[in-house]
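Working notes, beginning with the structure itself.
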Amino acid sequence: LLVLPAELVFLLSGPIVLSLAGLAVAQFCTSMHLGPVYAACMGVARPRMRATAAALFLLIANLVGQVLGPLIVGYLNDGTSYNAAVYQYLSNGSLDTTFSGDGILPIDFGMDDFLNGVAIYSGKIYAGGGGVPAGDTAGDFITARINSNGSLDTTFSVDGKIKTNLGGNDQGREIVISGGKVVVVGFSDTNAVILRFTASGVLDTTFSGDGKVITNLGLPSPALRGVTIQNGKIVVVGVTDAASGISDGLIARFTPAGN
């Protein structure tokens, strides 16, 4: 009955003294059972076995309670997956509660999801990155469009999010908006990738015929890391042969048609 209020005082109180007092009360209440437990353990053990009994008790309590316990609780609560999330802050550094109610919008693509790039266009938030399905090593491009109030924009690909599988280890690294069209760059296995979506969230077939440019640019294992728009043309930057640990920078420019 005392632990929960004390923990709340520790977590939510402003003054450091009050916070430490809450922590002290919580720790005392959660540890006060140890004395009777030690006494009971010593009472059932023979005198010559009491040291062994105490050692076994401490081993089990620490191994199960301190090591496995938090891991099991975390697994039961969160599983093994990561969700992408967008945070919006006020100018003073605090979370903006007008955005998704608490300043945080988790986005679940059904994989371990990570956002790597963000862009703002006409009051909408665009985010791009990559995700890896559980138990797999190959990922997919992920893209989302978010309203200014922190809700997914359902006029973009029906539910506000897109998962694009190119058949390899696919990862998005940066996103930019050009005339309402969404350009995402990254890599797929040993190829550089540029994706372009229409404002409604479907691949733009006026770009390279299918909305996708997948090319090695005549270079070893290129991976795109950045993109900008220059007079309608797409300028990308990245690295080559990144897996080797010794890579070179690259820069390339594509026409609006994807050439």
Side-chain angles (χ1 to χ4, degrees), residues 84 86 107-111 113-133 136 138-148 151-240 250-259:
V86 176
I107 308 174
D108 185 5
F109 288 85
M111 306 179 289
D113 314 318
F114 302 91
L115 296 176
N116 298 314
V118 64
I120 308 293
Y121 182 82
S122 294
K124 306 277 188 178
I125 301 169
Y126 295 77
V132 180
D136 202 345
D140 299 331
F141 276 71
I142 59 175
T143 312
R145 187 167 75 190
I146 302 137
N147 295 314
S148 59
S151 62
L152 285 167
D153 183 358
T154 55
T155 66
F156 185 74
S157 186
V158 180
D159 59 358
K161 54 188 180 180
I162 306 169
K163 183 168 60 175
T164 309
N165 186 337
L166 301 177
N169 181 24
D170 314 323
Q171 295 292 313
R173 283 293 181 264
E174 190 57 275
I175 186 169
V176 69
I177 315 304
S178 175
K181 296 187 177 183
V182 184
V183 178
V184 184
V185 302
F187 64 88
S188 176
D189 289 338
T190 58
N191 291 310
V193 172
I194 304 174
L195 303 178
R196 191 167 78 183
F197 300 92
T198 66
S200 61
V202 297
L203 285 166
D204 182 5
T205 55
T206 67
F207 181 74
S208 190
D210 59 0
K212 300 175 285 189
V213 170
I214 305 173
T215 175
N216 63 15
L217 297 169
L219 301 169
S221 303
L224 301 182
R225 302 287 177 83
V227 59
T228 190
I229 305 299
Q230 180 191 52
N231 297 325
K233 296 183 178 181
I234 301 170
V235 180
V236 296
V237 295
V239 296
T240 64
L250 75 86
I251 183 169
R253 189 171 69 183
F254 291 81
T255 68
N259 301 313

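As the structure is a computational prediction, the values presented were derived from the model and not from experiment. The analysis underlying the following values was restricted to heavy atoms, covering all of them including side chains, and did not include hydrogens, waters or symmetry mates.
A distance of 11.0 Å separates CD1 of I175 from CZ of F141, quoted to the nearest 0.5 Å. Considering CD1 of I177 and CD1 of I125, their distance stands at 11.5 Å, rounded to 0.5 Å. Interatomic distance, N231 CG to I234 CD1, rounded to the nearest 0.5 Å: 13.0 Å.
For the ring pair (Phe, Tyr, Trp, His ring centres under 6.0 Å) test, residues two or more places apart in sequence or in another chain that qualify with F114 are Y82. Residues meeting the side chain to side chain contact (heavy atoms under 4.5 Å, CB included) test with S178, sequence neighbours left out: I229. For T154, there are no side chain to side chain contact (heavy atoms under 4.5 Å, CB included) partners two or more places apart in sequence or in a different chain.
Two residues are said to be in side-chain contact when any heavy atoms from C-beta on lie closer than 4.5 Å; V132 and Q171 meet this criterion. Residues I162 and F156 meet the side-chain proximity criterion, which asks for heavy atoms closer than 4.5 Å. Proximity of V235 to I251: side-chain heavy atoms (C-beta onward) are separated by under 4.5 Å at one or more points. Taking the side chain as every heavy atom from C-beta outward, T164 and F197 approach each other to under 4.5 Å. Proximity of D113 to I107: side-chain heavy atoms (C-beta onward) are nowhere separated by under 4.5 Å. Looking at L224 and L250, their side chains come closer than 4.5 Å, going by heavy atoms from C-beta outward.
Closest heavy-atom contact between G131 and I142: N-CG2, 4.2 Å. In terms of heavy-atom proximity, N116 sits nearest to R173 at ND2-NH1, 2.9 Å. Annotation for G168 and A138: closest pair O-CB, 3.4 Å, computed over non-hydrogen atoms. Closest non-hydrogen pair, G232 versus P256, comes out as O-CG, 3.3 Å.
The salt bridge (charged side-chain N to carboxylate O under 4.0 Å, His left out) analysis of residues 152-164, with sequence neighbours excluded, yields the pairs K124-D153, R145-D153. Applying the salt bridge (charged side-chain N to carboxylate O under 4.0 Å, His left out) rule to pairs touching residues 194-209 yields K181-D204, R196-D204, sequence neighbours excluded.
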Side-chain polar contacts of residues 182-194 - donor-acceptor pairs under 3.5 angstrom, sequence neighbours left out - could you list them?
from, atom 1, to, atom 2, distance (Å)
S188, OG, D170, OD1, 2.5
D189, OD1, N169, N, 2.9
N191, OD1, N216, N, 3.3

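Residue S208 is tested with I214, T255, V213 for a side chain to side chain contact (heavy atoms under 4.5 Å, CB included); the sole match is V213.
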